[in-house]
Amino acid sequence: MPLRPDIIQTLRDEGAPIVILTGAGISRESGLHTFRDPDGIWARYDISEVATPEAFATNPDLVHHFYNDRRRALTDPAILPNAAHHALARLERDWPGDVLLVTQNVDDLHDRAGSQNLIHMHGELLKIRCLQCGQQHHWPGDLGRDEACPSCRHVAGLRPDIVWFGEMPREMDRIDRALTDCGLFVSIGTSGTVYPAAGFVQIAAQAGAETIELNLEPGHGTTAFDYCQYGPATLLVPGFVDQLLAK
C-alpha cells in the first residue's frame, strides 16, 4: 500500500524531516552481491574469520584478502549508481525539509550519486584507519600488513575502516536524534534482521513518524510499517520520490 497523497501533501507543506535507511538491496541492482545471495559474500566466507576484530588479530592476511577482493569488485568501472541512488540524491536536493540518508552499505554508490547528508553507519570500504594514530585515509587499492600509515608511517597498523561484528555502528547518537525528530521514515532494500538498524522503524513510529518499507519482498519487520511497497528498487524509489516531490 503506497503512502496516501494527503499525507504526502501534509509532509511537504510542513517541510517534515525525512530519515531514509538503505540496505544491500539498493546496491544489488548495480551489480554488487548481497550477503544473503546464494553465491553472495557469506556463501564463500565464514563471518568469524573475516569480519571481527578477533579475526584481524589472528589472521590479518585473510581479512586483507577478503576486503581487497571487495574493493576490486566495487571499483570495477561497470559498478555504477543506479536510478534508486540518483533518486534519493534528488530528494535530498529538492525536499523542503532535511533529508538524512543512513546506509548500512559500505560501498560509495550513494556518494557517487550525489547524496551529501549521508551516514555510513557500518563504515566505508574505500577507507582505511590506522590503529596507531587513528587517522582515516581514502584507499581504493589493495591493502596488506606491510603498508605504512600515510600519516604516522607506522607499519602493520592499517585496517579496513569497516564496522565489524561486535563493534559499534557509526554516529548512533545523531541517528537516534534524527529518528525521533522525523516526520517520515523510509526503509529501502533491507531485510530487517540486523540490529540496531532493524529497530529504527520502531523508534520513528513511537515518535509519531509515518513509516514505509520499499523492498523487493517483505522484510522481517514488515508489520511494523504503516505502508509497504514491493518491487525492484530502481522502479520503486524513483516513483516514490516523484510522488513526494510532485506539486
Side-chain angles (χ1 to χ4, degrees), residues 1-4 7-8 11 16-28 32 34-37 40-42 47-48 51-53 84-85 88 91-92 95 97-107 109-111 115 117-125 161-231 233 236-237 240-241 244:
M1 179 172 62
L3 198 60
R4 296 201 328 255
I7 292 176
I8 293 175
L11 292 169
I18 299 175
V19 175
I20 301 166
L21 172 70
T22 64
I26 198 170
S27 294
R28 182 178 187 178
L32 294 177
T34 73
F35 289 102
R36 290 169 180 80
D37 285 339
I41 298 166
W42 300 134
I47 292 173
S48 64
T52 66
H85 295 105
L88 293 179
L91 178 62
E92 180 187 323
W95 183 251
D98 290 336
V99 177
L100 175 64
L101 178 55
V102 181
T103 185
Q104 300 175 87
N105 301 332
V106 297
D107 62 61
L109 297 179
H110 283 304
D111 307 74
S115 290
N117 197 21
L118 172 63
I119 294 176
H120 285 273
M121 65 178 295
H122 291 160
E124 299 180 62
L125 184 58
D161 195 27
I162 299 294
V163 176
W164 286 327
F165 290 93
E167 297 181 327
M168 180 63 69
R170 307 284 168 78
E171 300 196 55
M172 286 304 302
D173 288 345
R174 181 184 170 198
I175 294 171
D176 285 339
R177 289 194 301 271
L179 289 169
T180 56
D181 290 341
C182 72
L184 175 64
F185 172 72
V186 187
S187 176
I188 302 172
T190 177
S191 63
T193 58
V194 177
Y195 283 84
F200 288 178
V201 60
Q202 285 88 359
I203 298 172
Q206 288 171 6
E210 302 289 339
T211 61
I212 183 166
E213 177 184 50
L214 306 178
N215 213 350
L216 188 61
E217 56 191 20
H220 283 72
T222 292
T223 56
F225 289 88
D226 299 318
Y227 307 91
C228 302
Q229 290 182 263
Y230 301 112
L236 285 185
V237 178
F240 179 66
V241 169
L244 289 179

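Only this structure's heavy atoms are used, side chains among them; waters, hydrogens and symmetry mates stay out.
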Side chain Glu92, main chain Asn117, donor-acceptor under 3.5 Å: yes
Donor-acceptor pair, side chain of Asn105 and main chain of Asp107, under 3.5 angstrom: no
Exercise: identify the closest heavy-atom pair between Leu100 and Ala178: CD2-CB, 3.5 Å
Any heavy-atom pair between the side chains of Leu91 and Leu101 that's under 4.5 Å? no
Any chance you could lay out the side-chain contact (heavy atoms from CB on, under 4.5 Å) test for Ile20 and Val99, step after step, and finish with the verdict? CA-CA 8 Å; Ile20 301 166; Val99 177; 3.8 Å; yes
If we only count heavy atoms from C-beta on, is the Ile175 to Ile119 side-chain gap below 4.5 Å? yes
Pro196 and Met121 have their tightest heavy-atom pair at CG-CE, 4.2 Å
CG (Leu109) and CG (Leu32) are apart, to the nearest 0.5 Å, by 5.5 Å
Using a 4.5 Å cut-off on heavy atoms from C-beta on, say whether the side chain of Leu3 contacts that of Phe240. yes
Minimum heavy-atom distance Tyr230-Leu216, with the two atoms named: CB-O, 3.9 Å
May I ask you to decide if Glu210's main-chain N or O and Asp226's side chain share a donor-acceptor pair within less than 3.5 Å? no
Close side-chain approach of Phe185 and Leu179, heavy atoms under 4.5 Å: yes
side-chain contact (heavy atoms from CB on, under 4.5 Å) between Val102 and Thr22, worked out: CA-CA 6 Å; Val102 181; Thr22 64; over 6 Å; no
Side chains of His122 and Val106: closer than 4.5 Å at any heavy-atom pair? yes
Shortest non-hydrogen contact from Val163 toward Met168: CG1-O, 3.8 Å
Which pairs would a plain distance check flag for residues 199-207, meaning a side-chain donor or acceptor within less than 3.5 Å of a matching protein atom at least two apart in sequence or in another chain?
none

Value rounded to 0.5 Å, distance of CG in Asp161 from NE2 in His120: 10.5 Å
Just so I know, are the side chains of Ile188 and Leu21 near enough to count as touching, which here means a heavy-atom distance under 4.5 Å? no
Run Thr190 and Asn215 through side-chain contact (heavy atoms from CB on, under 4.5 Å) and show every step you take. CA-CA 7 Å; Thr190 177; Asn215 213 350; 5.5 Å; no
Evaluate the side-chain proximity of Leu88 to Ile26: yes if any heavy-atom separation is below 4.5 Å, no if none is. yes
Might you work through the side chain to side chain donor-acceptor pair (under 3.5 Å) test for Ser187 and Glu213, ending with a clear yes or no? CA-CA 5 Å; Ser187 176; Glu213 177 184 50; 5.3 Å; no
Can you find a pair of side-chain heavy atoms, one from Ile162 and one from Trp164, that are under 4.5 Å apart? yes
Counting N and O atoms only, with roles assigned by atom type, does the side chain of Thr180 sit under 3.5 Å from a partner on the main chain of Arg177, one being a donor and the other an acceptor? yes
Main chain of Ala16, side chain of Trp95: is a donor-acceptor contact present, judged purely on distance under 3.5 Å? yes
Nearest 0.5 Å, please: how far is CG in Asp111 from CG in Leu118? 5.0 Å
Could you pull out the closest heavy-atom pair between Ala198 and Gly192, with the gap in Å? CB-O, 3.4 Å
Can you classify the ring geometry of His85 versus His110 as parallel (below 30°), tilted (30 to 60°) or perpendicular (above 60°)? perpendicular
